[in-house]
Amino acid sequence: MTRPVALVTGAARGIGLATARLFLDDGWRVAMVDRDAPALDAAAEGLEGALPVVCDVSDPVQVETMVAAVLASLGRIDALVNNAGVADFGPIAEHDFARWRAVMATNLDGVFLVSQACIPALKASRGAIVNIGSISGLRASTLRVAYGTSKAAVMHLTRQQAAELGEWGVRANCVCPGPVRTRLAMAVHSPEIVAAYHDAIPLNRYGSEAEIAQAIRFLCSDAASYITGQVLAADGGFEATGIGLPALRR
Ligand code: NDP
């Protein structure tokens, strides 16, 4: 029971699974939370120290039950990674309210709900929260009215958490990934969007799940013990640039 515990949402695949693996490699125990039960069971199989828990993070009742189950099994929560997310790209005119709400329900409500349910355990451990934003929350772009707005809200929610929870030694930070070839991204990244990202990113490539996981792991670690309320873009330099990169490269 003395081994630290990370709770990672959206851990069945992609960035969440890479993050769970990194914590496990470091000797932590990990509550792997996802709504996709078959994918979650497959991902957790054979991972020593992993506890798969099926939960839709947008549902307050499921979240309460999930956090209670994690604490009953693992006894503590030292790091919370709010990573579960959905992406839905489309013009503003085609975002009806149901589409808007579906994105907000997971990307924003989910972060609020899981964090709130974990606060007593995080206060007890003087733990850390890392919320996953996006470069789409840092910079506006076409087709992302719900997705980009949800991620911008996550950045501010992170600052609210840092402001309020610091007095208990609980830190809250946000990692904003650049593009990574996960199922979520490749469902909405057309070949034109892929090419545009390559053009706009100084490192001229997509990131990997493991590269994002390293940033998350750092912010959860004691190495980041005086860092809270920050937004860290792990984005190959996307946020730092303006116009002209493709022209200058040639
Ligand atoms: P993946 O689709 O690979 O993994 C996300 C996982 O979260 C899926 O298993 C998904 O299940 C699950 N999930 C979604 N909604 C819920 C929910 N309500 N409750 C529980 N689990 C849920 O995505 P990524 O690894 O790419 O994304 C992880 C995070 O990184 C997201 O927040 C995303 O917005 C962010 N991000 C990703 C970028 C990228 O380019 N990949 C760029 C910037 C940010 P299901 O398949 O059923 O939806």
Side-chain angles (χ1 to χ4, degrees), residues 4 6-11 15-16 19 23 33 57-58 60 63-64 67 77-87 100-101 103-141 144-180 184 207 211-241:
L7 191 164
V8 180
T9 69
I15 294 166
T19 304
F23 276 108
V33 175
V57 300
S58 69
V63 167
E64 284 296 335
V67 173
I77 298 169
D78 300 86
L80 165 62
V81 181
N82 281 307
N83 164 79
V86 293
W100 168 270
R101 275 305 312 150
V103 173
M104 293 297 167
T106 288
N107 292 8
L108 182 56
D109 301 354
V111 176
F112 170 75
L113 291 169
V114 179
S115 301
Q116 192 179 51
C118 289
I119 283 172
L122 289 167
K123 284 181 178 174
S125 65
R126 300 178 72 82
I129 300 172
V130 171
N131 299 320
I132 307 307
S134 169
I135 52 172
S136 296
L138 287 165
R139 303 261 295 271
S141 185
R144 293 154 172 86
V145 64
Y147 183 75
T149 305
S150 73
K151 293 300 191 177
V154 164
M155 285 188 266
H156 195 72
L157 175 55
T158 304
R159 296 186 189 105
Q160 294 291 150
Q161 292 171 334
E164 202 170 313
L165 300 176
E167 111 183 60
W168 286 275
V170 177
R171 298 180 297 103
N173 292 291
C174 180
V175 169
C176 287
V180 178
L184 170 146
E211 287 174 312
I212 309 303
Q214 291 287 359
I216 297 167
R217 180 72 186 88
F218 164 68
L219 287 170
C220 290
S221 75
D222 286 344
S225 56
Y226 201 52
I227 301 175
T228 193
Q230 295 302 303
V231 174
L232 175 61
D235 68 347
F238 175 90
E239 206 224 343
T241 61

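Basis for what follows: all heavy atoms, side chains included, without hydrogens, waters or symmetry-related copies. Nothing here was measured: the structure is a model prediction, and the numbers come from that model.
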When the side chains of residues 214-224 are checked against the rest of the protein, which donor-acceptor pairs come out under 3.5 Å, sequence neighbours left out?
from : atom 1 : to   : atom 2 : distance (Å)
R217 : NE     : D26  : OD2    : 2.6
R217 : NH2    : D26  : OD2    : 3.1
S221 : OG     : F218 : O      : 2.7
S221 : OG     : A223 : N      : 3.2

Residues G207 and E211: closest non-hydrogen pair is CA-OE1, 3.4 Å

Please report the interatomic distance NZ(K151) to SG(C174), rounded to the nearest 0.5 Å. 8.0 Å

If you compare all heavy atoms of G10 against all heavy atoms of A84, which two are closest, and at what distance to 0.1 Å? N-CB, 3.7 Å

To the nearest 0.5 Å, what is the distance between CE on M155 and SG on C176? 4.5 Å

Without swapping roles, check the side chain of S125 against the backbone of I77 for a donor-acceptor pair under 3.5 Å. yes

Looking only at heavy atoms, what is the nearest atom pair of T106 and G85, with distance? CG2-CA, 3.8 Å

Taking all heavy atoms of P179 and all of I135, pick out the closest pair and write down the distance. CD-CD1, 3.8 Å

Short side-chain to backbone donor-acceptor contact, R171 and T228, under 3.5 Å: no

Over all atoms of both residues, closest heavy-atom pair of L138 and A233: CD1-CB, 3.9 Å

By side chain to side chain donor-acceptor pair (under 3.5 Å) - contacts of Q160 (at least two apart): H156

Among N107, N83, T158, whose side-chain hydrogen bond (donor to acceptor under 3.5 Å, both in side chains) with N131 holds? T158

Answer yes or no: is there a donor N or O on one side and an acceptor on the other, between the side chain of N173 and the main chain of G229, under 3.5 Å? yes

dist D235:CG -> S134:OG (nearest 0.5 Å) comes out at 9.5 Å

Min side-chain heavy-atom separation I129-L165 under 4.5 Å: yes

Would you compute the distance between atom OG1 of T149 and atom CE of M104 and round it to the nearest 0.5 angstrom? 5.0 Å

Once you round to the nearest 0.5 Å, how far does CD1 of I212 lie from OG1 of T19? 9.0 Å

Between the CG atom in D78 and the CZ atom in F23, the distance rounded to the nearest 0.5 Å is 9.5 Å

Atom CZ of F238 with >12 non-hydrogen neighbours under 6.0 angstrom: yes

Where is the tightest heavy-atom contact between V231 and R159, given as atom of each residue plus distance? CG2-NH2, 3.7 Å

So do N82 and F112 actually touch side chain to side chain, heavy atoms under 4.5 Å? no

